[in-house]
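Notes for the one structure printed next.
The figures here come from the full heavy-atom set of this structure, side chains too, leaving out hydrogens, waters and symmetry mates. Note that ligands are numbered from 1 as they come in the structure, with each ligand's atoms numbered from 1 the same way.
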Amino acid sequence: MFEGRIAELLAKEMKGKGISKESILKLLEKPSRSELGDMAFPCFILAKKSRKNPAEIAKELAEKLNKKKPEDISKINAVKGYVNFFFNASLIAKGIIKRLLDEKDEFGSGKTGRNKKIVIDFSGPNIGKPMHIGHIRSTILGDSLLRIFDFQGYNVKGINYLGDIGLHIGKMIVAYELWLDKEALKDNPVDELLRLYIKFCDKEKIEYNEDFEEELQDNEWTNKAKEKLRLLELGDKKTTEIWHEIIRVSKEGFNEIYKILNVSFHEITGQSLFSEKGKQIIAQALKEGKAKLESDGAVYAEFQDLPKKYVLRSNGTASYITQDIGAAVERYRKYKFDRMIYVTDFRQEMHFRQLFALLKEWGYDFSDKLLHIGFGTINFGGEIMETRKGKIILLNDVLEKTIVKAKEEIKKRKTKGNAADIGVGAIKYAILKNAPAKDVNFSWEQALNFEGDSGPYLQYSHARACSILRKTDINKVNPKADFSVLDNPKEQALIKILSEFPETCKNASEQFSPNIIANYAYNLSKTFNDFYEACPVLKAGKEKEARLLLVAAVRQVLKNALNLLGIEAIEEM
Ligand code: ARG
């Protein structure tokens with residue numbers, strides 16, 4: 001928010017010089033050292049324009065600005081071609097504390113999303129297969145994005161698009177009919193389905209694959225699966241019954257995981273629901289000559305700059321993109337969204353580029369509102385993840401292992417706190433602190449390090465603020481306490497970072513980047529702990545009231561930030 005105010009100030013001063021507020025905003029920098037001020041404006045571009053020396057321009061500007069310096073700026077000076085601005089920390093503290101006390105859980109929220117609707121398609125596990133580590137990233141990322149947009153005032157809709165149809169379903173039905181162990185299904189449904197699946201892959205002589213199904217040609221077993229899929233599309237009774245049973249069991253397994261992760265959706269729909277709609281749209285495109293027919297009966301779309309894409313199989317059955325075509329059109333009809341975001345692994349990038357391009361080609365203008373956010377992989381590095389099934393990394397196993405480790409850590413440190421909250425917080429933070437496009441190098445030691453850049457460290461900082469506040473009655477503290485006594489640099493740093501929260505939330509939404517919030521929360525925690533080491537709170541003298549209010553502010557802002565990440569703000573640890 002300071003950037004905006006300073007840009008305005010500068011724009012006014014330089015009116016008529018052909019430099020807009022927007023371009024000033026882009027030029028503003030945060031000085032590397034706090035002695036140089038809180039914000040700096042470099043004059044080099046201006047110097048080029050006016051052929052003057054930058055140092056001279058900076059000096060002139062600083063002189064003029066000093067004459068109309070607003071209250072919340074304490075000093076403006078010129079150094080080496082930069083105009084430096086120093087904030088009046090006590091005044092800012094006063095403003096921030098007032099806003100925080102008024103707005104509480106809403107502090108940091110914005111209005112950029114007012115009257116706008118965003119749909120986020122995330123998680124999307126595949127029926128019959130266990131959720132794997134790629135789905136966890138989509139689930140955690142999508143959930144956090146949903147929270148971040150909600151906080152900006154958007155009307156948000158989270159959709160879980162279940163992979164309830166496709167070759168994997170055909171395989172599953174064949175395996176279920178041939179080898180099902182009913183007892184095992186009752187005792188441990190997810191494991192039994194996986195066993196069936198792997199057995200099928202063995203027969204096909206391919207390795208179990210977490211996501212994509214290889215369409216083997218002329219493989220006896222693959223053909224059986226394709227045949228089941230055809231029967232299913234024809235509505236065959238027995239096949240449909242088995243399919244429903246597999247969906248039911250799978251969903252139960254997924255729901256357990258969503259419960260642990262505390263993630264929910266506004267809509268849960270299976271891919272299969274959109275086969276018909278997709279086929280209708282494709283038939284229309286074919287009629288209009290926009291889609292093309294292959295000699296074997298398959299239908300495809302061609303692009304200028306992308307590889308051609310089959311949208312319908314030669315036997316007439318729908319494929320992954322057929323349903324995505326139908327689903328996109330249906331969702332736009334239903335939600336009239338301003339934006340729809342798909343959160344998946346990078347490997348699906350081409351799929352979505354082709355989907356958006358063909359929708360546009362076929363006359364669906366809303367395709368401009370579609371966006372794919374691809375994410376990188378999660379590497380477990382040297383720490384081999386031992387799973388019940390060897391090489392496959394299952395979400396259940398990761399969660400279980402993390403919670404066990406969190407328990408150990410709690411015991412070792414003799415701290416309070418619920419192992420599930422800490423373990424889940426650790427995983428969420430380890431994933432969210434990385435920009436979506438980056439790979440995650442996951443390490444348990446780092447994720448659960450209470451002193452490091454980790455979820456538990458943030459939770460611990462929040463609990464620490466709560467514990468300080470528990471020892472006093474914050475409601476009795478005068479909110480208009482004298483903040484001018486806070487002159488320690490650690491206090492000033494804390495005030496500054498607190499004031500940056502609303503801007504940070506806005507940036508995170510504009511850049512689709514929960515990592516901006518995660519990194520902010522980490523810096524805030526660090527700044528808070530530095531402050532706490534340098535400045536006594538409960539035992540302070542004249543600063544006590546102001547410092548208590550700062551601690552209350554930290555508690556609230558950390559809570560709000562953790563909430564945007566979907567991490568539990570633990571009060572006692
Ligand atoms: N089921 C897919 C997978 O496991 C993810 C679905 C993504 N959403 C979509 N509309 N295609 O990779």
Side-chain angles (χ1 to χ4, degrees), residues 118-143 145-146 157-172 190 193-194 197 208-215 246-247 250-251 253-254 257-258 263 265-275 277-278 281 309-311 318-335 337 339-359 364 366-367 369-378 392-395 436:
I118 285 198
V119 172
I120 305 186
D121 173 319
F122 68 108
S123 196
N126 299 318
I127 295 289
K129 287 182 164 188
M131 256 198 237
H132 61 70
I133 199 72
H135 293 123
I136 193 185
R137 192 160 185 193
S138 172
T139 307
I140 290 174
L141 203 51
D143 177 58
L145 284 169
L146 212 62
K157 299 279 174 230
I159 298 185
N160 190 2
Y161 182 69
L162 296 174
D164 65 349
I165 198 77
L167 201 53
H168 64 289
I169 293 292
K171 293 183 184 183
M172 197 65 228
V190 176
L193 290 186
L194 182 59
Y197 207 95
Y208 173 85
N209 183 331
E210 290 184 334
D211 324 273
F212 302 112
E213 299 307 319
E214 270 179 82
E215 285 214 18
I246 295 170
I247 292 178
S250 266
K251 269 183 153 178
F254 297 154
I257 290 175
Y258 294 135
V263 167
F265 305 90
H266 301 89
E267 182 189 309
I268 301 177
T269 33
Q271 254 170 257
S272 63
L273 218 70
F274 304 101
S275 296
K277 182 77 193 175
I281 295 167
K309 179 77 180 179
Y310 286 96
V311 292
S319 63
Y320 187 43
I321 196 155
T322 318
Q323 289 130 7
D324 256 329
I325 293 169
V329 172
E330 265 308 299
R331 288 177 191 167
Y332 188 65
R333 190 189 56 76
K334 181 169 170 191
Y335 293 115
F337 49 75
R339 215 180 233 305
M340 175 153 73
I341 302 171
Y342 297 86
V343 186
T344 80
D345 192 306
F346 258 138
R347 283 174 298 173
Q348 296 193 33
E349 197 185 336
M350 186 52 78
H351 165 83
F352 285 106
R353 279 174 63 189
Q354 289 166 320
L355 173 68
F356 303 166
L358 72 81
L359 284 171
Y364 295 95
F366 74 83
S367 69
K369 303 178 192 292
L370 307 179
L371 179 75
H372 173 232
I373 296 191
F375 53 78
T377 54
I378 302 185
I392 312 158
I393 297 175
L394 301 176
L395 181 48

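- Judged by the shortest distance from any of its heavy atoms, His135 lies inside the 4.0 Å radius around the atoms of ligand 1.
- Donor-acceptor pairing under 3.5 Å is recorded for the side chains of Thr344 and His372.
- When heavy-atom distances to ligand 1 are checked against a 4.0 Å cut-off, Phe122 has no atom that comes that close, whether in backbone or side chain.
- A donor atom on one side chain and an acceptor atom on the other are found under 3.5 Å apart for Tyr335 and Glu267.
- Other residues, nucleotides and ligands contribute only 12 or fewer heavy atoms inside 6.0 Å of the CZ atom of Arg353.
- Between Arg331 and ligand 1, not a single N/O pair is under 3.5 Å apart.
- Looking at Gly163, Ala327, Gly124, Gly134, it is Gly124 that brings a heavy atom closest to atom 5 (C) of ligand 1.
- Distances below 4.0 Å separate heavy atoms of Asp121 from the following atoms of ligand 1: 7 (C), 8 (N), 9 (C), 10 (N).
- Less than 4.0 angstrom separates some heavy atom of Phe352 from each of these atoms of ligand 1: 9 (C), 11 (N).
- Remark: Phe265 engages Phe122, Tyr258 in a ring pair (Phe, Tyr, Trp, His ring centres under 6.0 Å) (not counting sequence neighbours).
- Of all the listed residues (Asp324, Ile159, Asn160, Ile321), Asp324 holds the heavy atom that lies closest to atom 10 (N) of ligand 1.
- Taking a cut-off of under 4.0 Å to the non-hydrogen atoms of Tyr342, the atoms of ligand 1 that pass are 10 (N).
- Close approach to Gln348 involves these atoms of ligand 1, each under 4.0 Å from a residue heavy atom: 3 (C), 12 (O).
- Ring planes of Tyr364 and Phe366: perpendicular class, angle over 60° (limits at 30 and 60°).
- Residues passing the side chain to side chain donor-acceptor pair (under 3.5 Å) test with His351 are Asp324, sequence neighbours excluded.
- Which parts of ligand 1 touch Thr344 is read off a 4.0 Å heavy-atom cut-off, strictly below it: atoms 7 (C).
- Electrostatic pairing of Arg137 and Asp345 does not count as a salt bridge here, judged by no charged N lying under 4.0 Å from a carboxylate O.
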